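Order of the sequence lines sets the chain letters (A, B, ...), proteins ahead of strands, with each chain counted from 1. Nothing here was measured: the structure is a model prediction, and the numbers come from that model. Atom set for the values below is all heavy atoms of this structure, side chains included, hydrogens, waters and symmetry mates excluded.
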Amino acid sequence: MPINMDVLYLRHSIIDKVRERYGIEISRYDITYPPEGYGDLSLPCFKIGKHLKRSPNEISKELSSEDWGEAVENISAVGPYLNFSLRYELGLLWALKVIENKGTLIDFERKNVKVLIEHTSANPTGPLHVGRARNPIIGDSISRIMRAYGYDVTTEYYVDDMGFQVATILWWCLKHGFPKEESAYEFVRIYQKANAEVEEKGLQKDVLEILRRYESGEFKEEVSRIVDCVMRDILSSLERLNIRFNSIVKESKFVFDGSTKRVLEELSKRGILRKDSTGALYVELEEVCPEIARGLQDTSMYLTRSDGTTLYALRDIAYHIDKGKRADIIINILGEDHKLEASFVQCMMRILGKKVPEVVFYSFVSLPEGRMSTRKGRVIYLDEILEEGILRAYQEVKKRRPEISDEEALKIAKKVGVGAVRYGIVKVQLEKPIVFKWEEALSLEGDSAPFIMYSYVRALGILNKSKEEWLSLEKPIIKDALEKKLMKQVLRFRDVVEEAALTRRPYLIAKYSYETASIFNNFYEKCPVLSESDPLRRLTRLALVHVTATVLKDAFSLLGIEMPEKL
RNA sequence: GCCCCCGUGGGGUAGCCUGGAUAUCCUGUGGGCCUGCGGAGCCCGUGACCCGGGUUCAAAUCCCGGCGGGGGCACCA
């Protein structure tokens, strides 16, 4: 394997060099991407200067005379900034070599760290709607990115088969019988009806009684009949998005195997478990986790009901103790409505001396007419937008490429439609709320998956047409500004992947894909490849197209989006 | 009422955590580019850091106080 020649490599060389030379530990964030025209990476020397009580200009000058190895073509001190430029010719040869050996530019050392990512975990009361779809898309993308970066990642869906919601469905089925056709769509209708009746007539007690009997061992078959059916449909919707789980864990497990009981014993032993006048167990947040008690009206966090049945928070603690035994890093993807419960679990894990989960929160996806609500029936289901997206893409393909067979057009349309949905959601930063609009989600232009796919297909078009073998390239000539810009972008790829993996921010990959496609389109207009007369430059451009196509495909694979070969 | 998150051109969005060299990009809008490797494209113009203080050589970025939007506030999950 050739030694690395890209931005990531350079970034780490800078960190190493500063440590060697000055004994100062800087982080990857102390090194920035400079504005255009100043090279590939830049080290502002203010911090080091301050540390050494010397002027930053002096430091940058001093460092510029160091030996930076053959990957660096130019290094210049501009005032307090130290700017580095990579040797693009070597970078291109390096990228070709890596891709030849691995078939991808995603090439990282194994970290031997086990990561457990829990995501989606939607209640099994009906099909997934778009509001919830943000969760699996984020979770799956983070999983793919961290796996690519070298972690041993396991993904898990935590099924709440023991909550009030599922019990509500069961209550109805026990009363009226199971539906003729059992499906997620049928059960969600029952859920809506049952829920309305429970609320209207105040029948919560009846549902609670069912829950109590379930916890003491009854109805196991009936519950799994509902839950397994709904889960089957949820998982198949997710399958359409290219999302699969390594494991599915049911909440009831932790009640039936005695874990929740052991948690209560442990808390009781530590003297933090309290019982109120009705017999319900709780912990007092003021005393146990004062930092999250702030802003609450009632600071008791209940773990059981007065009839002795378990509550979500208790089961979640048991679950997290179990997770801790299976992984080094625990990551949960949760909607922002779980913030309180999540910080409670984190706090309890700290108190119990267990591994504390890291939580990635996202804001809701809503509709122009308001927040989605299963109970109120104001929803767009994931299946609906996938179908709509695929349909629109299909029509577009048929219109533009009438010679393609219906079957192939549908295959392409699936990739485009699914890609558009995934991309549209992942490209927005997590803490921003999304208002779902059909036109935006399914846009075929601008900052969207189809645009990037189109660029990729264009690149393939060139490669397929060429009779020459770009792998034979030995002496690249990279002169044109757009050739340089494109190469620079390719050399940033692994650096972006590292940052996305470390910060758990998949939208960085989306942004990178778009930038790359955009630069490529620019290059495509201005730098003809096949008609270039100088054979060396032609071969160089061909190689450039090849590595760009690979990087686009790689980036999309990190987002769980398949690239079509044709459009 | 209290706590958390967010506020960037007409709409959307990156940059904020980690202060630093010309605030990113999409869309909209005005104009231009097809006998060309696939126009789902490219180029040029237009237009923004919520308000007020503070810290700093330097603030979109950090701190304090407002205002506006989202979320939470416990025997739901």
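Side chain A:D307 to base B:rC75: no donor-acceptor pair is found below 3.5 Å. For B:rC75, its base sits under 3.5 Å from the side chain of A:T278 at one donor and acceptor pair at least. A donor-acceptor contact under 3.5 angstrom links the side-chain atoms of A:R401 to the base of B:rG38.
Applying the 4.0 Å criterion to OP1 and OP2 of B:rG15, one finds that A:Y507 has a side-chain N or O inside that range. Taking only side-chain nitrogens and oxygens, A:Y302 never comes nearer than 4.0 Å to OP1 or OP2 of B:rC75. An OP1 or OP2 oxygen of B:rC76 is reached within less than 4.0 angstrom by a side-chain nitrogen or oxygen of A:R305. Remark: A:N522 is not in phosphate contact with B:rG41, judged by side-chain N or O atoms under 4.0 Å from OP1 or OP2. Side-chain nitrogen and oxygen atoms of A:Q429 include at least one within less than 4.0 Å of the OP1 or OP2 phosphate oxygen of B:rA14. Considering only side-chain N and O atoms, A:Y524 lies nowhere under 4.0 angstrom from the phosphate OP1 or OP2 of B:rG41. Between A:K432 and B:rG70, a side-chain N or O to OP1/OP2 separation shorter than 4.0 Å is absent. The shortest distance between the side-chain N/O atoms of A:K399 and the OP1/OP2 oxygens of B:rA40 is not below 4.0 Å. Close to B:rC37, at under 4.0 Å from its OP1 or OP2, lies no side-chain N or O of A:R541.
Heavy atoms of A:K427 sit nowhere under 4.0 angstrom from any nucleic acid atom. Residue contacts shown for A:V457 include a base, since a base heavy atom lies under 4.0 Å away. Within the 4.0 angstrom heavy-atom criterion, only backbone atoms of the sugar-phosphate kind lie near A:E445; the bases stay farther away.
With rounding to the nearest 0.5 Å, the separation of CD1 in A:I292 from OG in A:S343 is 4.5 Å.
In terms of the ring pair (Phe, Tyr, Trp, His ring centres under 6.0 Å) criterion, A:F187 has no residue partners (sequence neighbours excluded).
Atom name C1', nucleotides B:rU46 and B:rG11: the rounded distance is 15 Å, in whole Å.
The cationic group of A:R492 lies under 6.0 Å from the six-membered ring centre of A:Y33 and within 45° of the ring axis, placing it in a cation-pi geometry. For the pair A:K339 and A:F361, the distance from NZ or CZ to the six-membered ring centre is under 6.0 Å and the angle to the ring normal is within 45 degrees.
If you take OH of A:Y456 and C1' of B:rG38, they are 15 Å apart, rounded to a whole angstrom. Summarising the geometry, the separation between CZ on A:R315 and P on B:rC75 is reported as 14 Å, rounded to the nearest angstrom.
When Watson-Crick and G-U wobble pairs are counted only if both distances are under 3.5 Å, B:rA21 pairs with no nucleotide at all.
Near RNA chain B, meaning a heavy atom under 4.0 Å from it, residues 37-48 of chain A has A:Y38, A:S42, A:F46 in order of number.
When each of A:L296 and A:F164 is assigned the nucleotide of RNA chain B with its nearest heavy atom, A:L296 is the one assigned upstream, toward the 5' end.
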